[in-house]
*Asks:* 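Quick one: structure below, then a few questions.
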Amino acid sequence: MGQLILCKSPRAKTPFYIESGKVNIYSLEELMYFVQSARFVARDDFMKAEFVDWVDREIGMKELAVMLRQKLEAQVGLKDFFLPIEAANGYLTTSELQILNVQLQKYDHMSGLEAKKFYADQFMYQEKYVQAISTYRRLLNDEAVISEQGHVAGDIWSNLGCAYAKLQDFAEAVDCFARGYVLNHRIETLQEAVDAACLSGEQRLLDGLAMRFTANASQIAAERTHMEQLLQQTLSGADATHFEGQQLARWLESYTDQCED
């Protein structure tokens, strides 16, 4: 049975659209419910004139809007920006507010892009790999990612590769790791590509990496040798069932551990 939320603040005729959550809100209670339950809170969603204008015109809380405009001018953090909203609302308990403020402080230094990536990363840590792939793919089509094309974009590609590896789709994983390495220049990302290629058993994937990253030939060769030695050690004295059920599981587990924060 769902929870009934009693709204004491005015209800807007026109909702405010929260981009990161893909949701419309009509009241401050709905806002606080979203902020409390969201996997992350993006500064870019709220710390802007459009949100303050919505509080002013649609909610009709002009004094609150004045305080929020002052917060914007002072360029405060996300936690401090939400303090007057919390005070004007009273939806959360004292203990809930304390937990929320700790979370908001954590997001204070995240850009909108970093926060969206953080949201997608949560699916990985929850082992919801299909959802992670869908969210990472959607994020890679985000204009901010397309225009940025730096280490954050590279880490998104790398984490997408981890998700595919966890599903044992190693060909896709290799491609994602390779794209990620071009952008983030982390040698670990290239090593993950080699590992996924070795686990696939497809020589063409290894050859493709060698041709694409000729400047890293020594690192690719070293990682390939290391991985093939591990495979050989596992296969000698172990049947295929043992290999797939135990050693492969341990290798796949490492992809979650290597997820780029």
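Scope of the values below: all heavy atoms of this structure, side chains included, with no hydrogens, waters or symmetry mates. All residue numbers in this chain count up from 1 along the given sequence.
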*Asks:* Taking the side chain as every heavy atom from C-beta outward, state whether Tyr136 and Phe123 have any pair of such atoms under 4.5 Å apart.
*Replies:*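 Tyr136 does not reach Phe123 side chain to side chain.
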*Asks:* If every non-hydrogen atom of Ala196 is compared with every non-hydrogen atom of Phe170, which pair is closest and at what distance?
*Replies:*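 Residues Ala196 and Phe170, closest heavy atoms: O-CB, 3.5 Å.
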*Asks:* Does the side chain of Tyr181 pick up a donor-acceptor pair with the side chain of Asn216 at under 3.5 Å?
*Replies:*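 Present: a donor and an acceptor within the cut-off.
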*Asks:* If you look at every heavy atom in Ala65 and Val52, which pair is closest and at what distance?
*Replies:* O-CG1, 3.4 Å
*Asks:* Taking atom OG of Ser27 and atom CD1 of Ile25, what is their separation to the nearest 0.5 Å?
*Replies:*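 Answer for the OG-CD1 pair, Ser27 versus Ile25, is 7.5 Å.
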*Asks:* Considering non-hydrogen atoms only, spot the tightest contact between Phe213 and Leu190 and give its length.
*Replies:* CD1-CD1, 3.8 Å
*Asks:* Distance from Ile156 atom CD1 to His151 atom NE2, nearest 0.5 Å?
*Replies:*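 Answer for the CD1-NE2 pair, Ile156 versus His151, is 10.0 Å.
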*Asks:* With distance as the sole test, does Ser158 use its side chain to make a donor-acceptor pair with the main-chain N or O of Gly154 at under 3.5 Å?
*Replies:* no
*Asks:* Taking the basic N atoms (NZ, or NE/NH1/NH2) and the acidic carboxylate oxygens, is any pair closer than 4.0 Å for Arg179 and Asp175?
*Replies:*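 Salt bridge present between Arg179 and Asp175.
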*Asks:* Counting neighbours of CD on Gln203 that are heavy atoms of other residues, nucleotides or ligands and sit closer than 6.0 Å, is the number greater than 12?
*Replies:* yes
*Asks:* Can you tell me if Lys48 has over 12 outside heavy atoms packed within less than 6.0 Å of its NZ?
*Replies:* yes
*Asks:* Salt-bridge test for Glu202 and Arg204: reply yes if a basic N is under 4.0 Å from a carboxylate O, no otherwise.
*Replies:* yes
*Asks:* Taking all non-hydrogen atoms of both residues, which atom of Gly180 and which atom of Thr189 are closest, and how far apart?
*Replies:*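 Smallest heavy-atom distance, with atoms named: C-CG2, 4.1 Å.
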*Asks:* One thing to verify: whether Glu127 and Lys166 come together as a salt bridge, which I'm taking to mean a side-chain N less than 4.0 angstrom from a carboxylate O.
*Replies:*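 No, Lys166 and Glu127 are not salt-bridged.
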*Asks:* Taking the side chain as every heavy atom from C-beta outward, state whether Gln219 and Gln191 have any pair of such atoms under 4.5 Å apart.
*Replies:*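 With C-beta onward as the side chain, the pair stays apart.
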*Asks:* Looking only at non-hydrogen atoms, find the nearest pair between Ala178 and Leu209 and report the distance.
*Replies:* CB-CD2, 4.2 Å
*Asks:* Measure the spacing between CG of Asp142 and CZ of Arg137 and express it to the nearest 0.5 Å.
*Replies:* 15.0 Å
*Asks:* From Leu97 CG over to Glu86 CD, what is the distance, rounded to the nearest 0.5 angstrom?
*Replies:*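 Output value for this atom pair is 5.0 Å.
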